[in-house]
Each structure stands twice: as C-alpha cells, then as structure tokens.
Number of protein chains: 2
Amino acid sequence: MAEGATRETALREAEAACLRRGATLTPLRRQVLELVLDSEAPVGAYALLDRLKASRPGAAPPTVYRALDFLLENGLVHKLERLNAYVGCTDAGHAHGHDHHHHPHQFLICRTCGATTEITDHAVTHAIDAAARRAGFALAQATVEIEGTCARCLAA
Amino acid sequence: MAEGATRETALREAEAACLRRGATLTPLRRQVLELVLDSEAPVGAYALLDRLKASRPGAAPPTVYRALDFLLENGLVHKLERLNAYVGCTDAGHAHGHDHHHHPHQFLICRTCGATTEITDHAVTHAIDAAARRAGFALAQATVEIEGTCARCLAA
DNA sequence: GGGTTGATGATATAATATCCCAAGGTGCCG
DNA sequence: CGGCACCTTGGGATATTATATCATCAACCC
C-alpha cells in the first residue's frame, strides 16, 4: 500500500467489487477504506477513529466498527487477529476467482518494522485443507499469521 | 481436556516441565492452569478471574493475566487469538523435543460447539516454513487457527 | 543486617469492541 | 400522495479485554 497508484487502483477495484456484489460503498465506508489503505502498517480501529474525526467530528466507535464490518464482509480489508488491527486486502481482484469473500490468504508480520505482507501460498492452503479433512473437520476459514523479521529488517 | 485422567497427567507434566526449565509453578499459577484445563472450550481471562475469586476473593485482572503470561511463556497454555481465550496445551511432553516453548501447532475451532483441538501437522508447518523462507522472512512463530465445524457437529 | 530478586496484592486506567435507540434517506407499493 | 420496509448513520452508554503502577512480602545471598 501507500504508493499512490496502488491506492487508487485498490479503490477502483473496491467499487467494482461492491457493484458486482450488490453492496454499497458509501462515502463513509469509502473514507474508512482510504484511511486503511493510507497506512503503511496495520492500523487499529481507534487510530482510524481519530483520523476520521478530522473530517467527521461526530464519529464514534460504532461509526468505524460498522464501516470495518462492511469492509471485512466484502473482503476489502482483513483483520490481523494477533494485532487487533486492520489492513487493506492486497489480493487485487480476487473476487474474480472466488464468489465468496474469504479467499484463502496468509500474513507475514515483521516484529521489527511492523510491516505486514499478505500472501496466498497454495501449498499452505492445501496443507491446511488436508489437515482439516483428515480430522473430519469442515473448514470455513483459516487464520494464518506468521510473525518474525522481514527481509529488509534482516539486512539492516 | 476434561477427562479426569488427562487433567492429572497434564498437571504432572506441567510440574516436570517447569522443573526442567527452572521455572516455578506456584500455587496460584497451578490453580489457574487447573481452571484452564477444567474448561471444555477455550476460556476467557475474565471467566478465569471469576472462578478464581471463589477461592481468592482479592483476585484482580493482573492476578490472572500474570499467571497466564507465565503459563504461555512456559508453553503450558496457548492463546486463541480469534477468540481472545486460552486453552491448555495438549501436546503432552513437547518440551522433550523442543528447547523453546513455542512448538509449532495449529488449532481447529468448531463454530457450533466451541470445542477446540490442537494439532501438530507437519505438512502445514513445513509449508509455512517454506513460504516464509521464500519471502526471505525469518519466522519466529506462526498462528494457525482453522474455523469450521467439527466432525461431531457435522454428524448431528 | 542490607541488598537483590521474584511473586503477589491492590487500585487505577488503557485499549478494543458491542448494544441500543433514534433519525434520516430511498425506493417501493398501494 | 401516503405509508411502509429497508438500509445507513448519529450518538450515547456500556461491555470486554488487557496493562500500568506502586506497594508488600518472602526467600535467598552476602
């Protein structure tokens, strides 16, 4: 995120995805999405709320949580459970391949710089599917959050 | 958990593990561990606190969080990030194979009955290791939480 | 005794998330 | 037009999860 071009692309794709799904990307929701996309690292709900207040003084926790719920539902952002923070979905256009909004994905979270990378590793996905199947477990969604040190911080 | 024999075994192994590690399983820590082991499903910190108060009226949030921190450090319990809840580690004796306390593991969480199963699937572990390596990422710890419906609830 | 360390007690506060009710807007249908 | 259903937002209160801080106490070492 954060390189200008990507942000605009992501926003355009978000609007297209909502259109396809019959969902409405209202100004408020779009603004929260912009705030998430503008963050380098995962961003907490209350940090979003603070920034939102600059243009909407009346904003309260439910304001941002409702918008986040919508964005999560529609696969436009993801939540990092270990951090209680949110990131934009960078798997541009995944909706083409998936009717459902929860495409399989994993995160690499750097403990040093906080940067978070979304990946879609099919070997991981398959191994998890297989493990669930072996346990007779019907998988709905898998959370994979890998913590460590990113390549850039290792170099430094 | 929760079948009598397992509980006692787990407690004995916990004491042995602490001994090996030079850590002290004090009465308080042991009691919190018992409370976690006695729960069928993952249990929240404040639920533990309520139960703890029965025998320790003065207990406060830090009381239980400090005990949980110790138990997490020593690999005796795990935290489920999606649920903000805690379970006993059922990988009995993993400390024999791992000097460090964070042995690789995954969870299967049933949305219907809440039951949570810890598994250690080497294919998943390897796939994650490989994905991290490919990204030049030094893995410290991976959180894998698989949500869905367990075999028993599927049958019903 | 004096000093250090580790564990606990106790109060307060921070950070994250949800509930509830009301108000406005939009479209649909009679 | 009027009424109704639906979705979205406003706004306040509250619930839930987690940490900060300072004091106390016991064990141990020298």
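In the text below, chain A, chain B and the rest are named by the order of the sequence lines, each starting its count at 1.
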- line: Residues at least two apart in sequence or cross-chain that pass side chain to side chain donor-acceptor pair (under 3.5 Å) with B:T63, listed by chain then number, are none
query: Roughly how many Å is it from CG in A:L48 to C1' in C:dA15, rounded to a whole number?
result: 14 Å
query: For DNA chain D, which residues in residues 22-31 of chain A have a heavy atom at a distance below 4.0 Å?
result: A:T24, A:T26, A:L28, A:R29
- prompt: Roughly how many Å is it from CG in B:L71 to C1' in C:dA7, rounded to a whole number?
  reply: 14 Å
message: Holding to side chain to side chain donor-acceptor pair (under 3.5 Å), I want the full list of residues that pass it with A:T149, two or more places apart in sequence or in another chain.
response: none
message: Could you report the tightest heavy-atom contact between B:L68 and B:A45, atom names first, then the distance?
response: CD1-CB, 4.1 Å
Distance-only criterion, 3.5 Å: show the donor-acceptor pairs between side-chain atoms of residues 137-145 of chain B and protein atoms not counting sequence neighbours.
{"from": "B:Q141", "atom 1": "NE2", "to": "B:H102", "atom 2": "ND1", "distance (Å)": "3.4"}
{"from": "B:T143", "atom 1": "OG1", "to": "A:R82", "atom 2": "NH1", "distance (Å)": "2.6"}
{"from": "B:E145", "atom 1": "OE1", "to": "B:E81", "atom 2": "N", "distance (Å)": "3.4"}
{"from": "B:E145", "atom 1": "OE1", "to": "B:R82", "atom 2": "N", "distance (Å)": "3.0"}
{"from": "B:E145", "atom 1": "OE2", "to": "B:E81", "atom 2": "N", "distance (Å)": "2.7"}

Side chains of residues 22-32 of chain B: which donor-acceptor partners sit under 3.5 Å, not counting sequence neighbours?
{"from": "B:T26", "atom 1": "OG1", "to": "B:R29", "atom 2": "N", "distance (Å)": "3.3"}
{"from": "B:R29", "atom 1": "NH1", "to": "B:T24", "atom 2": "O", "distance (Å)": "2.8"}
{"from": "B:R30", "atom 1": "NE", "to": "B:E34", "atom 2": "OE2", "distance (Å)": "3.1"}
{"from": "B:R30", "atom 1": "NH1", "to": "B:E15", "atom 2": "OE2", "distance (Å)": "2.2"}
{"from": "B:Q31", "atom 1": "OE1", "to": "B:R56", "atom 2": "NE", "distance (Å)": "3.0"}
{"from": "B:Q31", "atom 1": "NE2", "to": "B:S55", "atom 2": "OG", "distance (Å)": "2.5"}

field: side-chain contact (heavy atoms from CB on, under 4.5 Å) partners for B:A41, two or more places apart
entry: none
Give every pair of a protein N or O atom and an N or O atom of nucleotides 19-26 of chain D that lie under 3.5 Å apart, one pair per line with the distance.
none

- request: Specify the angle, to 10°, made by the local axes at the two ends of the helix from C:dG1-D:dC30 to C:dG30-D:dC1 when five pairs are taken at each end.
  value: 10°
message: Checking A:L35 now: which residues fulfil side-chain contact (heavy atoms from CB on, under 4.5 Å) with it, not counting sequence neighbours?
response: A:L48, A:R51, A:L52
message: By the salt bridge (charged side-chain N to carboxylate O under 4.0 Å, His left out) test, which pairs, at least two apart or in different chains, include something from residues 129-143 of chain B?
response: A:D121-B:R134
- line: For A:A115, the side-chain contact (heavy atoms from CB on, under 4.5 Å) test, sequence neighbours excluded, returns A:C113
- request: Could I get the full list of salt bridge (charged side-chain N to carboxylate O under 4.0 Å, His left out) partners for B:R111, not counting sequence neighbours?
  value: B:E147
